[in-house]
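Along the sequence shown, residues are numbered consecutively beginning with 1.
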Amino acid sequence: MQNSTWSADTAAVLGAGLARSVDAGLFPGGVLTVGEVGAGRVTVGHGLVAPECGDARPGPGTRYDLASLTKVLATWPLVGAAVRAGRLDLDAPLREHLPELPSPGGYLTARQLLCHTSGLLPWTGLAGYEHTGRPLIEHLCAEPLVSPPGSRYRYIDRGFILLGLLLPALLGNPLHLLADELWRDLGLTATVYGPLPRDPQLAPTEQRLRDAPRTWGAPHDPSAALLGGVAGHAGVFSTAADLAAYAEHLLAGASPLADWFTESRRPCAAVEPGLHRGLAWLVTADDSVAYHHGFTGTSLFLAPHTGRYVVLCTNAVYHGFDRNRLADLRALALRSLAS
């Protein structure tokens with residue numbers, strides 16, 4: 001299949017931006033894929049996977065910790081499957097599905113969790129719930145809310161952690177098995193929940209303590225790590241190739257997943273002028289681009305009306321977190337699809 005001129009030109013521009021970041025020492029390396037449904041894709045990599053990986057170069061098959069892309073690669077499509085199966089009503093209190101859930105969280109809805117308007121506590125730390133003998137989902141629901149449900153937008157992880165705990169009860173299997181079946185059905189053979197064995201084509205992330213081993217094959221997110229690597233908000237590892245294939249499934253139309261993507265782009269909460277949150281996804285006001293980021297340095301941008309997309313995979317937290325490391329490149333990717 002011949003690549004489109006748009007894909008080649010955009011990959012060249014974004015690739016140059018990625019190269020500048022790598023050459024400036026902001027992170028060891030990364031890979032991006034630019035594609036258009038029915039017109040092929042172009043992949044560009046720069047730098048090294050990481051110094052620990054020798055001379056291994058990032059490519060379409062290099063695995064990265066997706067961090068919060070887990071929300072749209074695992075939890076969001078599984079919620080859609082539960083809705084289609086009649087197992088979940090987005091606007092019913094969670095207690096209608098699990099009567100044992102305490103208040104106030106038991107009266108939240110899945111829609112509020114997906115849209116980040118639940119009013120749940122904004123901090124995510126779960127260590128205080130260790131060794132209590134009480135299910136984590138009950139702990140999360142028993143916590144006081146910081147704002148009335150549906151009244152305020154605040155991006156948090158707890159809502160997706162809660163959804164990740166709810167889905168096994170609704171669909172009858174552990175979260176990692178549900179996700180694995182979903183990904184295999186879509187042909188995403190390299191997408192998996194960790195932990196994973198260290199490998200030169202698996203990008204390490206951060207060294208949190210001096211002289212301690214670097215995080216490598218385990219989720220960078222501490223709450224996901226505490227949950228054994230399997231959570232609704234983080235914990236998934238994947239490749240640029242699999243993310244590109246996933247993008248094409250969402251953009252191609254005529255499938256339940258594509259229909260769910262269309263429904264999920266409807267405005268749910270205002271984020272800033274020109275941008276709203278749909279069900280999980282950030283969406284531009286004109287619906288030209290829907291996207292999501294991962295804390296570790298990953299992004300997925302989709303243009304539903306043109307069938308174009310941009311995948312970005314880096315380990316930008318390798319030297320510690322700095323939101324500005326990818327700000328320019330992400331903004332450039334967004335503009336390339338919105339224009």
Side-chain angles (χ1 to χ4, degrees), residues 1-18 30-45 58-64 66-74 76-77 80 182-183 186-191 236 238-265 275 277-294 297-314 326 328-339:
M1 182 185 298
Q2 187 174 4
N3 296 321
S4 72
T5 300
W6 177 86
S7 294
D9 291 347
T10 303
V13 172
L14 295 179
L18 175 62
V31 59
L32 60 87
T33 296
V34 178
E36 187 171 355
V37 174
R41 60 179 80 150
V42 178
T43 298
V44 177
T62 306
R63 272 191 174 129
Y64 285 86
L66 296 188
S68 280
L69 281 190
T70 297
K71 294 180 173 76
V72 294
L73 208 72
W76 168 78
L182 166 79
W183 297 325
L186 295 174
L188 309 184
T189 57
T191 303
V236 171
S238 191
T239 65
D242 266 18
L243 288 173
Y246 185 62
E248 291 171 8
H249 280 293
L250 297 181
L251 293 170
S255 74
L257 189 57
D259 291 343
W260 177 233
F261 181 54
T262 299
E263 179 180 345
S264 297
R265 299 198 312 272
L275 190 66
R277 180 74 65 172
L279 299 178
W281 296 89
L282 283 168
V283 187
T284 56
D286 61 358
D287 192 33
S288 63
V289 185
Y291 62 99
H292 208 290
H293 300 314
T298 58
S299 294
L300 179 59
F301 298 88
L302 309 172
H305 304 296
T306 62
R308 295 170 175 175
Y309 59 88
V310 174
V311 170
L312 176 63
C313 292
T314 77
L326 284 176
D328 290 345
L329 188 57
R330 283 170 165 167
L332 186 59
L334 180 58
R335 288 198 300 274
S336 73
L337 289 170
S339 59

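In this structure, His305 NE2 and Leu251 CG are separated by 10.5 Å, a value rounded to the nearest 0.5 Å. Summarising the geometry, atom CZ belonging to Arg265 is positioned 4.0 Å from atom CG belonging to Asp287; distances are rounded to the nearest 0.5 Å. Once rounded to the nearest 0.5 Å, the distance linking CG of Leu332 with CG of Leu14 reads 5.0 Å. With rounding to the nearest 0.5 Å, the separation of CZ in Arg335 from CZ in Arg330 is 14.5 Å. How far OH of Tyr64 is from OG1 of Thr298: 11.0 Å, rounded to the nearest 0.5 Å. Distance CG/Leu279 to CH2/Trp260: 5.0 Å, rounded to 0.5 Å.
Checked options Tyr246, Tyr291, Trp281; the residue passing with Leu302 is Trp281 (criterion: side-chain contact (heavy atoms from CB on, under 4.5 Å)).
Within a 6.0 Å radius of CG in Asp9, other residues, nucleotides and ligands contribute more than 12 heavy atoms.
Side-chain contact between Thr10 and Val42 is absent, with no heavy-atom pair separated by less than 4.5 Å. Side-chain contact check for Thr191 versus Leu186: every heavy-atom pair is 4.5 Å or farther apart. The shortest side-chain heavy-atom distance between Val283 and Arg277 does not fall under the 4.5 Å cut-off. The shortest side-chain heavy-atom distance between Val310 and Ser336 falls under the 4.5 Å cut-off. With a 4.5 Å cut-off on side-chain heavy atoms, Leu73 and Leu243 count as touching.
Counting all heavy atoms, side chain and backbone alike, Leu69 lies closest to His292 at CD2-O, 3.3 Å. Here the closest non-hydrogen pair linking Ala74 and Leu182 is O-CD2, 4.5 Å. For the residue pair Leu257 and Pro77, the shortest heavy atom distance occurs at CD1-CB, 3.8 Å. In terms of heavy-atom proximity, Val31 sits nearest to Pro60 at CG2-N, 4.3 Å. Of all heavy-atom pairs spanning Gly61 and Thr239, the tightest one is O-CG2, 3.4 Å. Of all the heavy atoms in Leu300 and Ala247, the pair that sits closest is CD1-CB, 4.2 Å.
Thr284 places a side-chain N or O within 3.5 Å of a backbone atom of Val289 that can act as its donor or acceptor partner. A donor-acceptor pair is defined here as one N or O able to donate and one able to accept, closer than 3.5 Å; such a pair exists between the side chain of Thr314 and the backbone of Gly297.
Ring orientation note: the planes of Trp76 and Phe261 are nearly perpendicular, at an angle over 60° on the 30°/60° scale.
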Does the side chain to side chain contact (heavy atoms under 4.5 Å, CB included) test come out yes or no for Val44 and Val34, once each step is laid out?
CA-CA 9 Å; Val44 177; Val34 178; over 6 Å; no
